Amino acid sequence: MASYAISVMEGDGVGKEVTRSALEILGSVSSASGVSLDFTPAPAGDAVLAGTGEALPQQSLSVIRGSDACLKGPVGETAAAVIVKLRQVLDLYANIRPAKSMPGVPCLRPDIDFVIVRENTEDLYRGLEFEVADGVVAMRVTTTKACARIADRAFRLAMGRKAKKVVAVHKANVMRKSCGLFSSACREAAARYPAVSFSEMYVDAAAMNLIRSPESFDVIVTTNMFGDILSDEAAQLVGGLGIAPSANLGDKFAIFEPVHGSAPDIAGKGIANPVGISLSACMMLEWLGESREDRKCGDAASALRAAIERAVQKGAKTPDLGGSLTTEKMTREIVAELRR
Ligand code: ATP
């Protein structure tokens, strides 16, 4: 039986609550599918910083490096020292954020189904900020290599989708050199994938069109900060942050995490929605299935996705989706669907 070592970072705030839920759900997936998952904690975040003086201790980094994949809850104020650092250290250059309408979840339209492919390692998020005489200068890093590989990743993803459409989102009319480089890389990739239809859109227009006609998007490829902002908007279009999953992909390793943060306003109340992290776990199984050519893993991912969707469609919802279930009860509903 295939066995995978999964490093697990609980994170802070609701991170602990939703990670516990995801592990319970994955335990059930594992028994039903015959995919063996061996979990090892990789503590990091605000609480770890307070306890050890380091937000991402070397020991946790070693556990993550030694695993097949990492499932991560959100961290609080130390996000830059944890996930931004992990993305750079492990070269997880593609942040994949799907936005899909789910039956039973209130959303703008029932036919939304697109994916944001966000460059994950550079841009203004490199944190290169310098004090100068009259304020601060921030440097936006854009390299040919990063633009080329994120563009390629987006087109490869589009090839596996029905609509096969990529739109490159940037602001090349103002940031002529940095966004200009990104735009050229996307055009070059487009020439290599003639089966995919390609267009470009300025980020302000994209923000508007996501509200106006979200169903018209298929794959959006964009730079780091624009992707961060647009993906929160995208999450809201299909029901909110509580159900939004994401993957940080490199060529050989990946970290899966919900889009939401540590949600201090609801932390400890036991009402955080575990669907975002559960769908992230689903993406993890899909990725393991593809990268290890393990059909059982792919099937386990499909079974998990179907169980989550059935549970929600039957009315199992936490308060963020208008329901009244606790995290624990929502978890039980998903597990019950998995056993059905
Ligand atoms: P960050 O800057 O780390 O992203 P934030 O406070 O801006 O943090 P979140 O922590 O994601 O963003 O919280 C934004 C809103 O979404 C809050 O009202 C929070 O309660 C809600 N929220 C986030 N995650 C969940 C969840 N899993 N279930 C229910 N509501 C959530």
Side-chain angles (χ1 to χ4, degrees), residues 8-26 44-50 55-56 71-87 95 97-100 102 104-107 116 118 120 123-125 127 224-248 255-284 308 311-312 315-334:
V8 180
M9 187 188 297
E10 284 187 338
D12 301 301
V14 294
K16 293 190 191 317
E17 300 160 48
V18 296
T19 307
R20 200 178 311 129
S21 163
L23 293 186
E24 199 177 320
I25 290 167
L26 281 174
D46 298 2
V48 176
L49 173 69
L56 178 63
L71 183 66
K72 179 189 162 294
V75 297
E77 295 301 313
T78 48
V82 179
I83 188 61
V84 178
K85 182 169 175 193
L86 282 169
R87 285 169 183 158
N95 194 209
R97 296 186 166 191
K100 192 169 190 242
M102 200 189 285
V105 173
C107 66
I116 295 182
R118 161 190 169 197
N120 220 8
D123 196 355
L124 283 167
Y125 286 12
N224 202 343
M225 190 171 74
F226 294 158
D228 192 14
I229 297 165
L230 292 180
S231 55
D232 270 28
E233 183 186 353
Q236 197 53 47
L237 290 174
V238 292
L241 281 174
I243 59 167
S246 82
N248 300 277
I255 296 181
F256 300 84
E257 59 177 345
V259 172
H260 64 78
S262 60
D265 54 334
I266 57 163
K269 294 185 178 163
I271 54 165
N273 195 337
V275 168
I277 196 165
S278 303
L279 287 173
S280 308
C282 206
M283 290 177 84
M284 179 178 81
I308 297 167
V312 172
K317 286 176 206 160
T318 43
D320 56 307
L321 296 183
S324 59
L325 293 189
T326 59
T327 311
E328 216 179 302
K329 283 194 177 145
M330 184 71 208
T331 306
R332 263 188 254 146
E333 293 291 331
I334 296 171

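Only heavy atoms go into these numbers, but all of them, side chains included; no hydrogens, no water, no symmetry mates. On a predicted model such as this, the values are computed, not experimentally measured, just so you know. Counting starts at 1 for both ligands and their atoms, in listed order.
The main-chain N or O of Asp46 is found under 3.5 Å from a side-chain atom of Asp12 such that the two form a donor-acceptor pair. At distances below 3.5 Å, not a single donor-acceptor pair connects side-chain atoms of Asp123 with backbone N or O atoms of Tyr125.
Scanning both residues, Ala22 and Leu71, for their nearest heavy atoms gives CB-CD2, 4.0 Å. The shortest heavy-atom contact between Ser246 and Ser280 is N-OG, 3.5 Å.
Residue Lys85 qualifies as open at atom NZ: its count of foreign heavy atoms under 6.0 Å is 12 or below.
For Leu124, the side-chain contact (heavy atoms from CB on, under 4.5 Å) criterion is met by Ala138, Arg140, Met225, not counting sequence neighbours.
The contact shell of ligand 1, taken as protein residues with any non-hydrogen atom closer than 4.0 angstrom, comprises Leu241, Gly242, His260, Gly261, Ser262, Ala263, Asp265, Ile266, Ala272, Asn273, Asp320.
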